[in-house]
Amino acid sequence: DSGVTQTPKHLITATGQRVTLRCSPRSGDLSVYWYQQSLDQGLQFLIQYYNGEERAKGNILERFSAQQFPDLHSELNLSSLELGDSALYFCASSVTPGQTGAFFGQGTRLTVV
Amino acid sequence: SQQGEEDPQALSIQEGENATMNCSYKTSINNLQWYRQNSGRGLVHLILIRSNEREKHSGRLRVTLDTSKKSSSLLITASRAADTASYFCATDANRDDKIIFGKGTRLHILP
């Protein structure tokens with residue numbers, strides 16, 4: 001168990017809908033990362049937060065947004081869902097960006113039908 | 001975009017043999033990390049090597065880093081069936097705190 005909790009584990013929704021994925025980082029970790037993993041694109045970096053503030057942005061679509069709350073949990077919001085958004089979404093946390101490795105949650109498997 | 005690129009894409013070896021995976025990257029880095037992923041599960045951090053280090057060991061794992069060639073290798077000695085997984089290198093670049101992953105090497109240990 002990595003200590004990073006992601007909910008829900010599975011999500012099936014229709015095209016055009018909006019979903020929210022939740023991540024609770026390891027106790028004491030200030031940094032949260034979000035990744036999307038699909039078969040053809042590999043593990044794509046979406047966005048990183050550090051202590052509530054956006055720190056780095058990757059290939060995140062405009063339909064996607066995220067935030068980190070004062071209690072350090074984070075949410076990834078995906079809207080106007082398309083079939084191609086079906087993927088595994090991972091959250092990871094670390095103590096200090098650039099100094100330590102990241103601990104990954106078990107992921108949320110999103111299926112858009 | 002991918003920063004690191006692993007080679008080979010897939011590798012099958014007999015149990016007990018050593019497995020070597022390579023990673024090349026493009027820009028200067030703070031550190032390079034290796035992760036393991038069992039099918040459909042979360043990634044597990046294996047080892048981190050800083051840009052000023054050349055070699056690091058952890059149990060049966062040995063990682064080397066050559067910043068002049070922008071490359072790293074992961075050696076797993078005396079492989080076991082439980083080592084069957086995908087292995088990813090990830091880089092933490094100098095200019096930001098993104099951890100960018102390669103596409104991984106699928107390692108299969110044959111009994």
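Proteins get letters first, then strands, A, B, ... in listed order; numbering begins at 1 in each. None of the values given here were measured: they were computed from a predicted structure.
- Checked against the 6.0 Å centroid criterion, the rings of B:Tyr35 and A:Tyr35 do not qualify as a close aromatic pair.
- Counting heavy-atom neighbours within 6.0 Å of B:Gln14 CD, excluding the residue itself, gives a total above 12.
- Atom CG of B:Leu43 sits about 10.5 Å away from atom OG of A:Ser2, to the nearest 0.5 Å.
- Other residues, nucleotides and ligands place more than 12 heavy atoms under 6.0 Å from the CD atom of B:Glu55.
- For A:Arg26, the CZ atom is densely surrounded, since the number of other residues' heavy atoms within 6.0 Å is greater than 12.
- Rounding to the nearest 0.5 angstrom, the gap separating the CZ atom in B:Phe101 from the CD atom in A:Gln37 is 9.5 Å.
- Other residues, nucleotides and ligands contribute at most 12 non-hydrogen atoms within 6.0 Å of the CD1 atom of A:Ile12.
- Considering CG of A:Leu88 and CD of B:Gln37, their distance stands at 7.5 Å, rounded to 0.5 Å.
- Looking at B:Lys98, its side chain never comes within 3.5 Å of a backbone N or O of A:Phe45 through a donor-acceptor pair.
- Other residues, nucleotides and ligands contribute more than 12 heavy atoms inside 6.0 Å of the CZ atom of B:Arg60.
- Of the inter-residue distances, the one linking A:Thr100 atom OG1 with B:Asp92 atom CG reads 9.0 Å to the nearest 0.5 angstrom.
- With respect to chain B, the highest number of heavy-atom pairs below 4.5 Å among A:Ala102, A:Ser31, A:Gly58, A:Gly105 belongs to A:Ala102.
- Counting non-hydrogen atoms of neighbouring residues, nucleotides and ligands closer than 6.0 angstrom, the CZ atom of B:Arg54 exceeds 12 such neighbours.
- The contact between A:Phe90 and chain B is made entirely by side chain atoms (from C-beta outward), counting heavy-atom distances below 4.5 Å.
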